[in-house]
Amino acid sequence: MKILFYTPQSDAAAWLTDLRRALPDATVREWQPGDRGPADFAIVWRPPHDMLAGRSDLRAVFNLGAGVDAILALEREQPGTLPSGVPLVRLEDTGMAAQMVEYIVHAVLRYMRRFDEYAQLQAERRWHVLDPHPRASFTVGVLGLGVLGASVAQAVASFGLPVRGYSRSARRIEGIGTYAGPAQFDAFLDGLKVLVNLLPHTPDTQDVLNAQTLAKLAHGAYLINVARGAHLVERDLLDALHNGQIAAATLDVFRDEPLPVDHPFWREPRITITPHSSALTLRAESVAQIAQKIIALTRGEPVTGIVDVARGY
Ligand code: NAP
Ligand code: GLV
């Protein structure tokens with residue numbers, strides 16, 4: 001079995017070592033420009049057009065991330081980047097759900113227990129007890145109830161906070177109020193104290209975090225965006241912070257990454273910034289999952305995580 005590998009990042013050698021260890025019967029090679037040799041599977045992050053174009057004999061392409069927006073954008077810019085008819089398989093969890101839970105629970109509790117405001121009081125050397133936020137009305141809404149969103153919603157609910165979740169198709173999750181589709185979007189948003197975004201970036205979800213959406217939350221709500229920068233209309237967030245509709249935001253993802261040094265978000269103390277690090281691709285877990293799926297496919301068994309390209313996730 002022959003496997004082609006490509007990542008533009010600097011850790012290709014470590015991935016090759018781990019893949020060869022997990023699949024000792026396979027020949028795993030790093031793709032180099034001009035390589036048109038045979039391959040059964042490809043494992044990629046942002047592959048150049050020439051790597052996969054025309055390789056319709058591949059049995060699957062594995063994307064080294066949960067989100068497939070980058071590879072689908074490459075396909076739109078240069079059709080044929082993904083060989084037609086070959087399944088695209090994304091990472092499912094591979095340790096990301098636990099990381100996302102830690103990140104979101106931390107951010108939600110930081111706002112609920114007003115640690116951000118106590119940090120400001122400490123900077124001013126002021127000893128002052130703030131009124132607690134009433135737990136019963138500190139409602140958290142999670143956009144996206146997939147692998148990551150469902151885990152996050154359940155983890156937040158375990159602290160006794162009211163939690164709502166929003167998805168495309170109807171979902172039932174114990175302890176979570178679930179809403180599906182555009183007809184239920186406003187009811188989902190109505191009066192939320194915290195809005196967490198874990199949607200995939202697709203043409204349907206682009207710019208979903210806009211002035212109209214933010215206006216439907218409770219006054220003084222919090223925004224946590226860990227999905228993609230293209231979900232957020234940046235000017236609308238700055239306006240909502242300035243008029244008090246949004247009290248503070250935690251952002252892990254941005255339209256331009258790395259966030260440019262002169263971007264106004266850096267100067268806004270009510271925005272907490274992390275560098276797209278809320279849930280990293282973990283090599284050991286990812287290699288184990290991909291290897292297990294490759295073995296299943298070679299045995300003719302089905303695998304999960306196949307992307308619906310028309311749907312965009
Ligand atoms: P997933 O399992 O595919 O779940 C996606 C969820 O979004 C599903 O519940 C889906 O609804 C819902 N959805 C999709 N389009 C929708 C629409 N138009 N309206 C309403 N709901 C919609 O994805 P995941 O593994 O949880 O990952 C979610 C996203 O997180 C990824 O796409 C990626 O962008 C982001 N991410 C970020 C990081 C980071 O470090 N910042 C790390 C990993 C992932 P259905 O349930 O009805 O299908
Ligand atoms: C990271 O952002 C991912 O989509 O895996």
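Positions are given from 1, in the same order as the sequence printed here. Start at 1 and go down the list; that is how both ligands and their atoms are numbered.
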Exercise. How far is atom 42 (C) of ligand 1 from its nearest protein heavy atom, and which residue and atom name does that atom have?
Worked result: Ala279 O, 3.4 Å
Problem set entry | Structural part of Val147 in contact with ligand 1, heavy atom criterion under 4.0 angstrom | both
Exercise. Within a reach of under 6.0 Å around NE2 of His242, are more than 12 heavy atoms found that belong to other residues, nucleotides or ligands?
Worked result: yes
Problem set entry | Atoms in ligand 2 flagged as close to Gly65, the criterion being non-hydrogen separation under 4.0 Å | 5 (O)
Exercise. Taking only heavy atoms of Arg228, which atoms of ligand 2 are found under 4.0 Å from at least one of them?
Worked result: 1 (C), 2 (O), 3 (C), 4 (O)
Exercise. Does Leu145 reach ligand 1 with a nitrogen or oxygen that is under 3.5 Å from one of the ligand's nitrogen or oxygen atoms?
Worked result: yes
Exercise. Which protein heavy atom lies closest to atom 43 (C) of ligand 1, and at what distance to 0.1 Å?
Worked result: Met96 SD, 3.4 Å
Exercise. Should Val61 and Val89 count as side-chain neighbours, where that means a heavy-atom distance under 4.5 Å?
Worked result: no
Problem set entry | Ligand-side contact atoms (ligand 1) for residue partner His276, heavy atom cut-off under 4.0 Å | 39 (C), 40 (O), 41 (N)
Exercise. Any heavy atom of Thr202 sitting closer than 4.0 Å to ligand 1?
Worked result: no
Exercise. So which heavy atom in the protein is nearest atom 8 (C) of ligand 1, and how far is it from that ligand atom?
Worked result: Gly146 N, 3.7 Å
For this session: Return the residue, atom name and 0.1 Å-rounded distance of the protein heavy atom closest to atom 30 (O) of ligand 1.
Result: Leu198 CD2, 3.7 Å
Problem set entry | Arg171 heavy atom under 4.0 Å from ligand 1 | yes
Exercise. Can you tell which of Asn210, Leu223, Val208 makes a side chain to side chain contact (heavy atoms under 4.5 Å, CB included) with Leu232?
Worked result: Leu223
Exercise. Going by heavy atoms, is Arg90 under 4.0 Å from ligand 2?
Worked result: no
Exercise. Judged by modelled atom types alone, do Gln99 and Ser278 share a side-chain donor-acceptor pair under 3.5 Å?
Worked result: no
For this session: Apply the test side chain to side chain donor-acceptor pair (under 3.5 Å) to residues Arg20 and Thr27: give CA-CA distance (whole Å), side-chain angles for both, the deciding distance (0.1 Å), then the verdict.
Result: CA-CA 7 Å; Arg20 288 174 183 139; Thr27 306; over 6 Å; no
Exercise. How does Arg168 reach ligand 1, by side chain, by backbone, by both or by neither, if only non-hydrogen atoms under 4.0 Å count?
Worked result: both
Exercise. How are the rings of Phe62 and Phe41 set to each other: parallel, tilted or perpendicular (split at 30° and 60°)?
Worked result: tilted
Exercise. Quick one: are the ring centres of Tyr179 and Tyr166 less than 6.0 Å apart?
Worked result: no
For this session: Give the residue, atom name and distance (to 0.1 Å) of the protein heavy atom nearest atom 3 (C) of ligand 2.
Result: Ala66 N, 3.5 Å
For this session: For atom 2 (O) of ligand 2, state which one of His276, His201, Met96 supplies the nearest heavy atom.
Result: His276
For this session: Measure the distance from atom 33 (C) of ligand 1 to every protein heavy atom, then report the residue, atom name and distance (to 0.1 Å) of the closest one.
Result: Arg228 NH1, 3.6 Å
For this session: Would you check the N or O atoms of Ser277, main chain and side chain alike, for any that come under 3.5 Å of an N or O of ligand 1?
Result: no
Seminar exercise, completed: heavy-atom search around atom 27 (O) of ligand 1 in the protein gives Leu148 CD1, 3.6 Å
Problem set entry | Quiz item: cation-pi between Arg114 and Tyr118, 6.0 Å / 45° | no
Exercise. Is it the side chain (CB and beyond), the backbone, both or neither of Asp204 that lies under 4.0 Å from ligand 1, heavy atoms counted?
Worked result: side chain
For this session: Flag Tyr313 as yes when one of its N or O atoms lies below 3.5 Å from any N or O atom of ligand 1, and as no otherwise.
Result: yes
For this session: Return yes or no for this condition: an N or O of Asp252 is under 3.5 Å from an N or O of ligand 1.
Result: yes
Exercise. Counting heavy atoms only, which of Arg90, Glu92, Gln99, Gln206 comes nearest to atom 2 (O) of ligand 1?
Worked result: Arg90
Exercise. Taking Ile71 as the fixed residue, which of Leu64, Leu82, Val309 is the one that meets the side chain to side chain contact (heavy atoms under 4.5 Å, CB included) rule?
Worked result: Leu82
Problem set entry | Rounded distance [0.5 Å steps], CG in Leu143 versus CG in Leu189 | 7.0 Å
For this session: Could you pull out, from Val253, Val226, Asn225, Leu199, the option with a heavy atom nearest to atom 13 (N) of ligand 1?
Result: Leu199
Exercise. Looking only at heavy atoms, is any part of Leu280 under 4.0 Å from ligand 1, and if so is it the side chain, the backbone, or both, or is it neither?
Worked result: neither
Exercise. Could you walk me through whether Gln120 and Glu124 pass the side chain to side chain donor-acceptor pair (under 3.5 Å) check?
Worked result: CA-CA 6 Å; Gln120 183 55 40; Glu124 297 165 16; 2.7 Å; yes
Exercise. Does Met100 have a heavy atom less than 4.0 Å from any atom of ligand 1?
Worked result: yes
For this session: Determine the minimum heavy-atom distance between Thr205 and His201, stating which atoms define it.
Result: OG1-CA, 3.5 Å
Exercise. Should we count CZ of Arg172 as having more than 12 external heavy atoms under 6.0 Å?
Worked result: no
For this session: Give the atoms of ligand 1, by number and element, whose distance to some non-hydrogen atom of Gly144 is under 4.0 Å.
Result: 6 (C), 7 (O), 9 (O)
Exercise. Is the number of heavy atoms from other residues, nucleotides or ligands under 6.0 Å of Arg255 CZ greater than 12?
Worked result: yes
Problem set entry | Under 4.0 Å to a heavy atom of Gly67 - the qualifying atoms of ligand 2, by number | 3 (C), 4 (O), 5 (O)
For this session: Using heavy-atom distances, let me know which of Ala97, Ser278, Ser167, Pro200 sits nearest atom 7 (O) of ligand 1.
Result: Pro200
Seminar exercise, completed: Closest heavy-atom pair, Tyr222 versus Ala247, reported as atoms and distance to 0.1 Å, is CE2-CB, 3.7 Å
Problem set entry | From CD (Gln9) to CH2 (Trp45), nearest 0.5 Å | 7.5 Å
